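Small disclaimer: the values here were computed from a predicted structure and weren't measured.
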Amino acid sequence: MARSGRGKMIHHGKESRGVESLPVVVMLGAIMAAGTVALGIETISRAQRISHFQRAVESFDLFVEQCRLLCAGGLSDSRLVEIELGDGKIALKGNLVQLFIEGTVRTELLPLPIFGGENELRSGSYLLRICQQNGVFFIKIEAV
């Protein structure tokens with residue numbers, strides 16, 4: 001303790017320790033804030049990945065549904081389908097359609113085989129049409 005000019009006692013103990021520890025508190029706060037921001041960014045990124053995955057699955061389901069509805073119709077019926085697969089793709093092989101996205105495979109069997117110029121579909125618009133050749137019915141796919 002020290003005496004001030006007027007004879008009052010000045011306590012330096014706790015007050016000076018508080019001032020000395022202020023930079024440490026500020027630094028810890030900054031570290032915690034940075035960690036929280038990083039965690040928030042990762043959470044948003046994960047939500048976006050899930051959203052892209054979910055959109056691809058929904059597009060695949062829509063594609064399969066439209067193919068099945070088309071098969072219930074008649075010759076020359078057609079449907080326009082918009083699919084959004086992100087980094088995914090739909091593989092076509094006869095009656096079998098498969099969604100490949102982020103290591104996941106989803107498979108469906110259609111009532112009629114699919115023929116088109118492509119064995120894979122990516123994001124885009126496609127015209128689906130029921131056709132017949134040599135007595136065999138099939139779904140023809142054309143990119144629009």
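Ile114 has its side chain out of reach of Lys93: every pair of non-hydrogen atoms, C-beta onward, lies at least 4.5 Å apart. Residues Leu109 and Val97 are not in side-chain contact: their nearest non-hydrogen atoms beyond the backbone lie 4.5 Å or more apart. Using a 4.5 Å heavy-atom threshold, the side chains of Glu142 and Arg129 count as touching. Within the 4.5 Å cutoff, side-chain heavy atoms of Gln66 are placed close to those of Leu69. Residues Cys71 and Ile139 meet the side-chain proximity criterion, which asks for heavy atoms closer than 4.5 Å. Using a 4.5 Å heavy-atom threshold, the side chains of Leu128 and Ser78 count as separate. Side chains of Leu121 and Tyr126 form a contact here, defined as non-hydrogen atoms less than 4.5 Å apart. No side-chain heavy atom of Phe63 sits less than 4.5 Å from a side-chain heavy atom of Glu65.
No more than 12 heavy atoms of other residues, nucleotides or ligands lie within 6.0 Å of CG in Asp87, so this atom counts as exposed by the packing criterion. Heavy-atom neighbours of Asn119 CG from other residues, nucleotides or ligands within 6.0 Å: at or below the threshold of 12.
Side chain of Asp77 to backbone of Leu70: no donor-acceptor contact under 3.5 angstrom is found. At least one donor-acceptor pair closer than 3.5 Å links the side chain of Ser123 to the backbone N or O of Leu85.
Nearest heavy atom pair, residue Ile83 against residue Arg122, reads CD1-O, 3.5 Å. Closest non-hydrogen pair, Glu102 versus Phe53, comes out as OE1-CD1, 3.9 Å. The nearest pair of heavy atoms linking Phe60 to Glu108 is CE2-CG, 3.6 Å.
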- request: Test side-chain contact (heavy atoms from CB on, under 4.5 Å) on Ile141 and Leu127 and set out the steps.
  value: CA-CA 6 Å; Ile141 298 180; Leu127 181 64; over 6 Å; no
task: Check the pair Leu62 / Val64 against side-chain contact (heavy atoms from CB on, under 4.5 Å), numbers first and verdict last.
output: CA-CA 5 Å; Leu62 175 67; Val64 170; over 6 Å; no
message: Assess the residue pair Ile90 and Glu120 against the criterion (side-chain contact (heavy atoms from CB on, under 4.5 Å)); give the C-alpha distance rounded to whole Å, side-chain angles, the decisive distance to 0.1 Å, and a yes or no.
response: CA-CA 5 Å; Ile90 295 176; Glu120 291 182 352; over 6 Å; no
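Hydrophobic clustering (side-chain heavy atoms under 4.5 Å, transitive across Ile, Leu, Val, Met, Phe, Trp, Tyr) groups Leu92 together with Leu110.
No cation-pi contact links Lys140 to Phe115, judged by a cut-off of 6.0 Å to the six-membered ring centre and 45° from its axis.
No side-chain N or O of Ser59 forms a donor-acceptor pair with one of Glu84 less than 3.5 Å apart.
Rounding to the nearest 0.5 Å gives a distance of 4.0 Å between CD of Gln132 and CZ of Phe137.
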